[in-house]
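Residue numbers start at 1 and run along the sequence shown. When reading the values below, keep in mind they use all heavy atoms of this one structure, side chains included, and skip hydrogens, waters and symmetry mates.
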Amino acid sequence: FPEVPLAMISASTDARIMRQAVDYAAERKQFGRVIASFQAVKHMCAEMAAELQPCRGLIWHAAYVMAQEPEALSLAAAFAKSHTDEVGRFVARPATEVHGGMGFTALMGLHYWFKRLGVNRAYLGSPERVRAEAARLQGFAA
C-alpha cells in the first residue's frame, strides 16, 4: 500500500501547478493591468491555496505516524493519498483557467502536470480504492 513519500509526490505536483498559475498571473497583463489584480483571479488562486493546505497537514500527520506508530501508517497514508488526489484534480482546473487559452498549450507545460496527476492516480490508486482500503483497515468493510 502507498507509503507517505508517495502521497507527497501528489501534493508536490498540486503545489507546482498552483505556483505556476500564481506566477503567470503576476506577470500576464490584460487591459493594462496584471491579471493577478483582478478579483476573480485572486479568488481562484486563494481557493487553490485553501484546498492544498489540508493536504500538507495530512502528509505531516502521516509522516508523524510513520515515525511514532508504524503499524498505523497504511491508514494515515490512505487518508493523505485520497485527499491529495481529489485536491489535485480540483487545483488543475482553475490553474488552467488562470492561464486562459495558454493553459492548453505545450508551451506552458501544464499538460505535464495533468499527466503526472493521472499517473499518480493509476499508480497509487483512485481515491475510491484508497478509501475502500482505509475502510477495510478499520474493519468497516470486508
Side-chain angles (χ1 to χ4, degrees), residues 1-30 33-142:
F1 197 70
E3 297 289 332
V4 177
L6 296 178
M8 289 180 182
I9 292 170
S10 184
S12 67
T13 301
D14 306 343
R16 285 179 187 233
I17 292 170
M18 183 190 73
R19 173 55 41 205
Q20 187 173 349
V22 170
D23 291 346
Y24 180 79
E27 64 185 46
R28 171 76 166 105
K29 289 187 177 182
Q30 189 68 35
R33 296 170 39 192
V34 293
I35 64 171
S37 68
F38 298 134
Q39 188 174 13
V41 174
K42 288 179 185 179
H43 283 203
M44 284 192 282
C45 293
E47 285 176 6
M48 287 187 283
E51 289 290 326
L52 278 170
Q53 194 58 39
C55 295
R56 291 181 179 97
L58 285 167
I59 291 169
W60 276 103
H61 174 70
Y64 170 82
V65 168
M66 184 168 66
Q68 301 298 320
E69 306 172 46
E71 67 281 353
L73 178 58
S74 289
L75 184 59
F79 290 143
K81 164 57 180 110
S82 64
H83 189 72
T84 56
D85 186 275
E86 287 183 340
V87 169
R89 294 178 69 174
F90 169 81
V91 168
R93 188 178 53 123
T96 303
E97 290 173 5
V98 167
H99 283 82
M102 291 294 293
F104 293 100
T105 67
L107 179 66
M108 298 312 297
L110 283 175
H111 69 285
Y112 169 77
W113 299 113
F114 274 105
K115 291 174 187 174
R116 177 68 178 264
L117 288 167
V119 167
N120 288 349
R121 187 178 179 92
Y123 179 65
L124 302 173
S126 69
E128 298 79 19
R129 184 186 106 18
V130 175
R131 286 191 181 113
E133 178 67 14
R136 188 193 61 74
L137 289 169
Q138 297 176 84
F140 296 134

Exercise for the section: Please tell me if the side chains of Val130 and Asp85 come closer than 4.5 Å, counting only heavy atoms from C-beta onward. Expected result: no

Handout entry: Validation row: Met18, Glu51 side chains within 4.5 angstrom (heavy atoms)
Key = no

Exercise for the section: Could you pull out the closest heavy-atom pair between Ala25 and Val98, with the gap in Å? Expected result: CB-CG1, 3.9 Å

Problem - Nearest atoms (heavy-atom pairs only) where Ala95 meets Met48 - result: N-SD, 3.8 Å

Practice task
Nearest 0.5 Å please: distance from the CG atom of Leu73 over to the CD atom of Gln68.
Solution key: 12.5 Å

Completion exercise
Given the options Arg28, Glu27, Lys42, Lys29, Ile35 meets side chain to side chain contact (heavy atoms under 4.5 Å, CB included) only with Arg28

Handout entry: 4.5 Å side-chain heavy-atom contact, Gln30 and Phe38
Key = yes

Exercise for the section: Taking all heavy atoms of Val41 and all of Ala36, pick out the closest pair and write down the distance. Expected result: CG1-CA, 4.2 Å

Handout entry: Shortest non-hydrogen separation from Cys45 to Val22 and the atoms involved
Key = SG-CG2, 3.8 Å

Exercise for the section: Answer whether the closest heavy-atom distance between the side chains of Pro54 and His83 falls below 4.5 Å. Expected result: yes

Handout entry: Main-chain N/O of Val65 paired with Glu69 side-chain donor or acceptor, under 3.5 Å
Key = no

Handout entry: Interatomic spacing from CZ in Phe90 to CD1 in Ile17 - rounded to 0.5 Å
Key = 12.0 Å

Exercise for the section: Over all heavy atoms of both residues, which pair between Leu137 and Ser74 is shortest? Give the atoms and the distance, please. Expected result: CD1-CB, 3.7 Å

Handout entry: Salt-bridge contact Glu128-Arg121 (side-chain N to carboxylate O under 4.0 Å)
Key = yes

Exercise for the section: Answer yes or no: is there an ion pair linking Glu133 with Lys81, defined by an N-O contact shorter than 4.0 Å? Expected result: no

Completion exercise
The reported gap from CD in Glu86 to OG1 in Thr84 (rounded to nearest 0.5 angstrom) is 9.5 Å

